[in-house]
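Here's the structure, in structure tokens; my notes come after.
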Amino acid sequence: MPTISFYYWKTIFKFSEKEKEVLEENKVNKLYLRYFDIGLHPKSKLPFPISPIRFEENPKQYQIVPVVFIQNKVMLQQKLDVKDLAQKAFDFIEQINSKNKITCQEIQIDCDWSLESKNNYLKFIEVFKQLSKKKLSATIRLHQVKYFKKTKIPNVDSGVLMYYNMGSIAPDSLNSIYDQKVAARYLKSLKKYPLHLDFAFPIYSWAVHIRNNKVVGLRSKINSSALEKDSNFEKISPIFFRVKQSNYKNGVFYEENDLLKIEEIKTEDLKEMAKDLEENLIEKPNEIIFYDLDEFNLNNYEKNTFKQVISCF
């Protein structure tokens, strides 16, 4: 059976009681921590680190895997100095580790590279691997599995297939986080994919904010139960809520008759994902990484949910 791990995606590292409890209950010993993003500086258009993590407690009892999210527009730069970028990214990870007395055996690069950016991206992975001399993993999207002959496979030790964000964010009734029909188009390709894959499963929810049939924004940390308790909203279908009167909620203005479409992942969805994957794999994953460790997300699941999900493999 695979082990249970979590992504930690907040900029300040500090566990709540609930988060600690879930880590203990599920015997988690490995955490994937987002260390920083790499974007383009608005003025110089050069790559620079965004919102590095700050530690308010030491994660010493966990095996830590630093994750660096690189925006694809960085890799699209035609004159990108890939060696310089790899060196700076590695140095910054080392700096965060030494400041916080963290040792790591593995680093993960998260980038949704495209056909136009793949040469820079693949070269970055090569250079970074030589520099770090550590195990290197990379996030992989479904389309990169299906079309790997075109998109290529990064020279990493293993990949993590992001089994979410499958659809476009739209006013229709489909769930953009997970849709079994969309996933089914890619599943058969898994048997041909030559890199070992572990899987990342979604446990987050958000609301698609719709006004006059147009998407005006994504509202994070909202789920059905939060809106059912709020008299400014009325439930008009299993996933849609209507704004009864204009109001502010969590600093966002909602106009009368706006719609909120709730996209969330239920325990049944997680089990369905696991079963569908299991039927299409040559080798089992070593771990399932849930995205992401946050009290708001964890409160939506029963105690034994994560164990039930991994037992499907």
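Heavy-atom basis, side chains included; hydrogens, waters and symmetry copies ignored. If you read the sequence from its start, that first residue is 1, and numbering goes on from there.
- In the hydrophobic clustering of this structure, Phe296 does not group with Leu270; members are Ile, Leu, Val, Met, Phe, Trp, Tyr whose side-chain heavy atoms approach within less than 4.5 Å, directly or through other members.
- Tyr193 is connected to Phe199 through a chain of hydrophobic side-chain contacts under 4.5 Å among Ile, Leu, Val, Met, Phe, Trp and Tyr, so both are in one cluster.
- Cluster membership check: Phe36 does not share its hydrophobic cluster with Phe48, using side-chain heavy-atom separations under 4.5 Å among Ile, Leu, Val, Met, Phe, Trp and Tyr.
- Side-chain rings of Tyr178 and Tyr164 stay apart, their centers remaining 6.0 Å or farther from each other.
- Between Lys20 and Glu17 a salt bridge is recorded (basic side-chain N to carboxylate O distance below 4.0 Å).
- No hydrogens or angles considered: a donor-acceptor pair under 3.5 Å links the side chains of Asp276 and Gln180.
- Within 6.0 Å of atom NZ in Lys88, 12 or fewer heavy atoms from other residues, nucleotides or ligands are found, so the atom counts as exposed in its surroundings.
- Counting non-hydrogen atoms of neighbouring residues, nucleotides and ligands closer than 6.0 angstrom, the OH atom of Tyr147 reaches no more than 12 such neighbours.
- In this structure, Phe306 has its ring center under 6.0 Å from that of Phe6.
- Hydrophobic clustering of Ile, Leu, Val, Met, Phe, Trp and Tyr side chains at less than 4.5 Å, counting indirect connections, keeps Val215 apart from Val243.
- Between Phe55 and Tyr35, the ring planes lie perpendicular to each other; the angle is over 60°, past the 30° to 60° tilted range.
- Rounding to the nearest 0.5 Å gives a distance of 8.5 Å between CG of Leu23 and CD of Gln61.
- Between Asp157 and the options Lys129, His196, Lys135, a side-chain hydrogen bond (donor to acceptor under 3.5 Å, both in side chains) holds for only Lys129.
- A donor-acceptor contact under 3.5 angstrom links the side chains of Ser224 and Glu264, judged on distance only.
- For Glu57, the CD atom counts as densely surrounded, since its 6.0 Å shell holds more than 12 non-hydrogen atoms of other residues, nucleotides or ligands.
- Rounding to the nearest 0.5 angstrom, the gap separating the CG atom in Asp84 from the CZ atom in Phe124 is 10.5 Å.
- Separating the CG atom in Asn286 from the NZ atom in Lys30 is a distance of 8.0 Å, to the nearest 0.5 Å.
- Under the side chain to side chain contact (heavy atoms under 4.5 Å, CB included) test applied with Ile265, the options Tyr204, Phe201, Phe290, Tyr301 reduce to a single match, Tyr301.
- Ring pair Phe15/Tyr62 is perpendicular by interplanar angle, where above 60° counts as perpendicular and below 30° as parallel.
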Assess whether side chain to side chain donor-acceptor pair (under 3.5 Å) is satisfied between Ser114 and Asn72, documenting all intermediate values.
CA-CA 8 Å; Ser114 56; Asn72 189 41; 3.2 Å; yes
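- Here the straight-line distance linking atom CZ of Arg242 with atom CD of Glu256 works out to 6.5 Å at 0.5 Å rounding.
- Linking ILVMFWY residues whenever their side-chain heavy atoms come closer than 4.5 Å, directly or via other members, leaves Ile70 and Leu76 in distinct clusters.
- Annotation: the span from Lys134 atom NZ to Phe90 atom CZ amounts to 5.5 Å, rounded to 0.5 Å.
- Taking the charged nitrogens against the carboxylate oxygens, Asp292 and Arg34 have no contact shorter than 4.0 Å, which rules out a salt bridge.
- In the displayed structure, Lys303 atom NZ is contacted under 6.0 Å by at most 12 heavy atoms of other residues, nucleotides or ligands.
- Contact record, Ile177 with Pro202: CG2-CB, 3.8 Å, taken as the closest heavy-atom pair.
- Put simply, CG on Asn29 and CG on Asn26 are 11.5 Å apart, with the number rounded to the nearest 0.5 Å.
- Ion pairing of Asp110 with Arg141 is present here, as a side-chain N (NZ or NE/NH1/NH2) and a carboxylate O approach within less than 4.0 Å.
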